[in-house]
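Remember, predicted model here, so these are calculated numbers, not experimental data. Residue indices begin at 1 and follow the sequence shown.
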Amino acid sequence: MKYLVRDKIFAIGDDYWIEDENGRNAFLVDGKALRLRDTLELKDTDGRVLVTLREKLLSLRDAMTVERDERPLATVRRKRLSLLRNHYRVTLVDGTELDVSGRVLDREFAVEYDGELLAHISRRWLRVRDTYAVDVVREDADAALLIAVAVCVIRMAEREG
């Protein structure tokens, strides 16, 4: 399933619908204004908060957290730097690690678990400006988490670069 995400999703106080590949509203992005750090909630179509993204304060390395039900779900950190590709590691609270690599600033990257593709993020499929697609490859994957990971990685790469 592909989801269309607006590129500048972190505008303060900005709300935005993420649509599925059929043009239906899938997730509501609620950018929280007047917060000490970047905070974003991803809600379902009924308004229930699925995940919350927060910039991690007082971290030695740039990091963002993804929370579910006000408890940590995952931490996103830069893994290593190379000239052509960005690498990030997503550590879930259960110890599972996801790898994110590719050309993040170009919106061409992948999220993998143990070498298996979970999601592919790309602008290539779209003609809509300032939008990219998150193609969730596995049907049993947590789409809200994978969208949150994509948003975190892009936000961190833009801040670094």
Side-chain angles (χ1 to χ4, degrees), residues 1-10 16 18 20-21 26-32 35-44 48-125 131-161:
M1 174 69 75
K2 286 184 185 149
Y3 298 93
L4 305 180
V5 182
R6 187 174 65 188
D7 209 8
K8 299 297 178 189
I9 203 167
F10 260 96
Y16 172 76
I18 294 174
D20 66 17
E21 60 192 332
F27 301 104
L28 176 65
V29 175
D30 186 0
K32 296 297 183 182
R35 299 285 171 103
L36 187 60
R37 56 189 174 166
D38 284 339
T39 302
L40 175 79
E41 292 178 343
L42 195 60
K43 299 178 178 181
D44 66 13
R48 289 185 302 263
V49 176
L50 301 173
V51 292
T52 302
L53 289 69
R54 295 185 203 279
E55 179 182 30
K56 197 164 185 173
L57 293 178
L58 304 173
S59 176
L60 293 176
R61 294 186 322 174
D62 198 20
M64 292 190 76
T65 59
V66 179
E67 300 171 0
R68 179 167 281 148
D69 299 324
E70 298 184 24
R71 290 192 302 265
L73 176 63
T75 302
V76 181
R77 286 192 170 86
R78 180 173 206 107
K79 185 175 171 187
R80 63 181 180 262
L81 178 66
S82 73
L83 294 176
L84 301 176
R85 300 171 68 82
N86 299 109
H87 297 274
Y88 293 84
R89 167 128 324 127
V90 179
T91 306
L92 303 177
V93 291
D94 68 1
T96 301
E97 292 185 338
L98 308 179
D99 287 312
V100 180
S101 64
R103 296 184 326 274
V104 174
L105 292 175
D106 292 334
R107 308 308 186 256
E108 294 294 333
F109 60 98
V111 180
E112 297 179 337
Y113 168 68
D114 202 22
E116 181 182 352
L117 181 65
L118 298 178
H120 182 238
I121 292 77
S122 180
R123 259 194 194 142
R124 191 172 4 151
W125 303 304
T131 302
Y132 59 91
V134 177
D135 185 10
V136 178
V137 177
R138 287 187 47 155
E139 288 185 26
D140 62 342
D142 184 341
L145 173 62
L146 293 172
I147 291 169
V149 166
V151 170
C152 286
V153 166
I154 289 168
R155 176 72 175 157
M156 292 170 66
E158 285 178 343
R159 217 177 302 139
E160 294 164 1

TODO: Please examine the side chains of V76 and V153, heavy atoms only from C-beta on, and report whether any two atoms are closer than 4.5 Å.
DONE: yes
Open item on the list: Is it the case that the side chains of T96 and D94 hold a donor-acceptor pair, with the cut-off being a distance below 3.5 Å and no angle test?
Closed with: yes
Open item on the list: Set out, in order, the CA-CA distance, both residues' side-chain angles and the distance that settles side-chain contact (heavy atoms from CB on, under 4.5 Å) for T131 and V5, then state yes or no.
Closed with: CA-CA 6 Å; T131 302; V5 182; 5.8 Å; no
Task: Contact check, side chains of V66 and T52, non-hydrogen atoms, under 4.5 Å - done: no
Task: L118 side, atom CG; L98 side, atom CG - distance, nearest 0.5 Å - done: 6.0 Å
- [ ] Report the distance from atom OG1 of T91 to atom CZ of R77, rounding to the nearest 0.5 Å.
- [x] 7.0 Å
- [ ] Apply side-chain contact (heavy atoms from CB on, under 4.5 Å) to the pair D99 and V111, showing each step before the final yes or no.
- [x] CA-CA 6 Å; D99 287 312; V111 180; over 6 Å; no
Open item on the list: Let's go through F27 and K43 carefully: what are the C-alpha distance in whole Å and the side-chain angles of both, what is the deciding distance for side-chain contact (heavy atoms from CB on, under 4.5 Å) to 0.1 Å, and is it a yes or a no?
Closed with: CA-CA 5 Å; F27 301 104; K43 299 178 178 181; over 6 Å; no
Open item on the list: Quick check: closest heavy atoms across A150 and V134, and the distance to 0.1 Å?
Closed with: CB-CG2, 4.2 Å
TODO: Compare all side-chain heavy atoms of L92 with those of L145 and state whether any distance is below 4.5 angstrom.
DONE: yes
Open item on the list: I need the minimum non-hydrogen distance between F109 and V104, along with the two atoms involved.
Closed with: CD2-CA, 3.7 Å
Task: Test: E108 and R123 ion pair at under 4.0 Å - done: no
TODO: Might you point out which heavy atoms bring D20 and A26 nearest each other, and give the distance in Å?
DONE: N-CB, 4.1 Å
Task: Listed once per pair and sorted, the side chain to side chain donor-acceptor pair (under 3.5 Å) pairs that draw on residues 138-153, sequence neighbours left out - done: R68-D142, E116-R138, R138-D140
TODO: In plain terms, say whether E158 and R107 are close enough for a salt bridge, that is, a side-chain N and a carboxylate O under 4.0 Å apart.
DONE: yes
Open item on the list: Would you compute the distance between atom CD of E67 and atom CZ of R54 and round it to the nearest 0.5 angstrom?
Closed with: 4.5 Å
Task: Shortest non-hydrogen contact from V29 toward I18 - done: CG2-CD1, 3.6 Å
TODO: Could you check if a side-chain atom of T75 sits within less than 4.5 angstrom of a side-chain atom of V90, using non-hydrogen atoms only?
DONE: no
TODO: Would you check if Y132 and I154 make a side-chain contact, meaning some heavy-atom pair closer than 4.5 Å?
DONE: yes
Open item on the list: Could you work out, with side-chain hydrogen bond (donor to acceptor under 3.5 Å, both in side chains) as the rule, every residue matching D44, not counting sequence neighbours?
Closed with: R48
Open item on the list: Quick check: do I147 and L42 have side-chain heavy atoms less than 4.5 Å from each other?
Closed with: yes
- [ ] Find the distance between CG (L53) and CD (E41) and round it off to the nearest 0.5 Å.
- [x] 10.0 Å
- [ ] Kindly give the heavy-atom pair with the smallest separation between L105 and N86, and that separation in Å.
- [x] N-OD1, 4.3 Å
- [ ] Might you point out which heavy atoms bring R124 and S122 nearest each other, and give the distance in Å?
- [x] N-OG, 2.9 Å
TODO: Before accepting this row, confirm whether a basic side-chain N of the pair R89/E97 lies closer than 4.0 Å to the acidic partner's carboxylate O.
DONE: yes
